[in-house]
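Only one structure is covered here, and it is reproduced in the block below.
Basis for what follows: all heavy atoms, side chains included, without hydrogens, waters or symmetry-related copies. Source: prediction; values computed, not measured.
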Amino acid sequence: PAGERRLPRLLVDMVFLGLTGLGGNLQPRVRYLVVVKRRWLDEEEFAELLTLASLLPGGNTSNLVVHLGVRIGGRFAGVAAFAAFALPGFLIALGISTVYSAISGRGLVQGALRGIEGGSVGMLAFVAWKLLAARVRKPPALTRTRILEAALSLAAFGLLAVVQVPIIVVVPVLGAVGLVVERLDR
């Protein structure tokens, strides 16, 4: 089966991401890997998995890796993909944390962290831009469902960014609204 052939490649890729993804915000790299390079998912499938991963507790990328593993080879592959992704990063983080605790009060370290923070925000904006650009290039048919998705997206942005409602409240409330509207449409 295709999943069995993909699993070793997925595990190698996840170890590589775990070794090189020290700054977080790996969604752009995961997207490139699974949508562009490997073609295991299309843009819409990736967006769906990223949405699901974002709704769950824990890190979005870790959750995404589990979903990819399950999609490619079942539950065992999900566990294996997570382990391949998380263990290298954990070991590196442990080493860096040990060093950081010894030098964290120095001014150069603080300046470097401010630069890294700016880069992280930029990478997150890049992922949002790529997902939006994919929708614009291949816009879905304008249906009630798509209008609802757009309205809920705007509502989520407004509630989170403007009103500053906690995400733990926004996600279930908007999910419930989507379910009610879906039921009414049937």
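- A single hydrophobic cluster is not seen to contain both Ile168 and Leu56; linkage of ILVMFWY side chains at heavy-atom distances under 4.5 Å, directly or through other members, places them apart.
- Using a cut-off of 4.0 Å between Lys/Arg side-chain N and Asp/Glu carboxylate O, Arg38 and Asp13 are scored as salt-bridged.
- Cluster membership check: Val163 shares its hydrophobic cluster with Leu160, using side-chain heavy-atom separations under 4.5 Å among Ile, Leu, Val, Met, Phe, Trp and Tyr.
- Side chains of Leu41 and Leu68 form a contact here, defined as non-hydrogen atoms less than 4.5 Å apart.
- The stretch residues 90-100 participates, sequence neighbours left out, in no salt bridge (Lys or Arg N to Asp or Glu O under 4.0 Å) pair at all.
- Under the 3.5 Å distance criterion, the side-chain polar atoms of Thr98 are matched with a main-chain donor or acceptor of Leu94.
- Here Met14 contributes atom CE and Leu87 contributes atom CG; the two are 14.5 Å apart, rounded to the nearest 0.5 Å.
- A distance-only check finds no donor-acceptor pair linking the side chain of Asn63 to the backbone of Leu52 [under 3.5 Å].
- In terms of hydrophobic clustering, with Ile, Leu, Val, Met, Phe, Trp and Tyr side chains grouped at heavy-atom distances under 4.5 Å, Val177 and Val165 are assigned to a common cluster.
- Contact record, Ala77 with Gly69: CB-O, 3.1 Å, taken as the closest heavy-atom pair.
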Test side chain to side chain contact (heavy atoms under 4.5 Å, CB included) applied to Leu64 and Phe46, step by step: CA-CA 9 Å; Leu64 184 58; Phe46 179 80; 3.6 Å; yes

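- Note on Leu174: it does not cluster hydrophobically with Leu154, by side-chain heavy-atom contacts below 4.5 Å among ILVMFWY residues.
- Considering only heavy atoms from C-beta on, Thr51 stays 4.5 Å or farther from Glu48 through its side chain.
- Within the structure, salt bridge (Lys or Arg N to Asp or Glu O under 4.0 Å) contacts touching residues 160-173 (residues at least two apart or in different chains) do not occur.
- The CG atom of Leu19 lies 10.5 Å from the CZ atom of Phe85; values are rounded to the nearest 0.5 Å.
- Note that CZ of Phe82 and NE2 of His67 are 12.0 Å apart. Values are rounded to the nearest 0.5 Å.
- Heavy-atom minimum distance, Val70 versus Arg75: CG2-CA, 4.2 Å.
- Put simply, CD on Glu43 and CG on Leu50 are 11.0 Å apart, with the number rounded to the nearest 0.5 Å.
- Taken from CD1 in Ile72 to CG in Leu10, the straight-line distance is 4.5 Å, to the nearest 0.5 Å.
- Rounding to the nearest 0.5 Å gives a distance of 12.5 Å between CG of Leu49 and CG of Asn60.
- Side chains of Arg29 and Thr61: a donor-acceptor N/O pair is absent below 3.5 angstrom, by distance only.
- Heavy atoms only, all atoms of each residue included: Pro88 and Val15 are closest at CG-O, 4.1 Å.
- Under the 4.5 Å side-chain criterion, counting only non-hydrogen atoms from C-beta, Asp42 is not in contact with Val35.
- For residues 56-72, the pairs satisfying salt bridge (Lys or Arg N to Asp or Glu O under 4.0 Å) are Glu45-Arg71, with sequence neighbours left out.
- Under a hydrophobic-cluster definition in which Ile, Leu, Val, Met, Phe, Trp and Tyr are linked whenever side-chain heavy atoms come within less than 4.5 Å, directly or via other members, Phe90 and Leu17 are assigned to different clusters.
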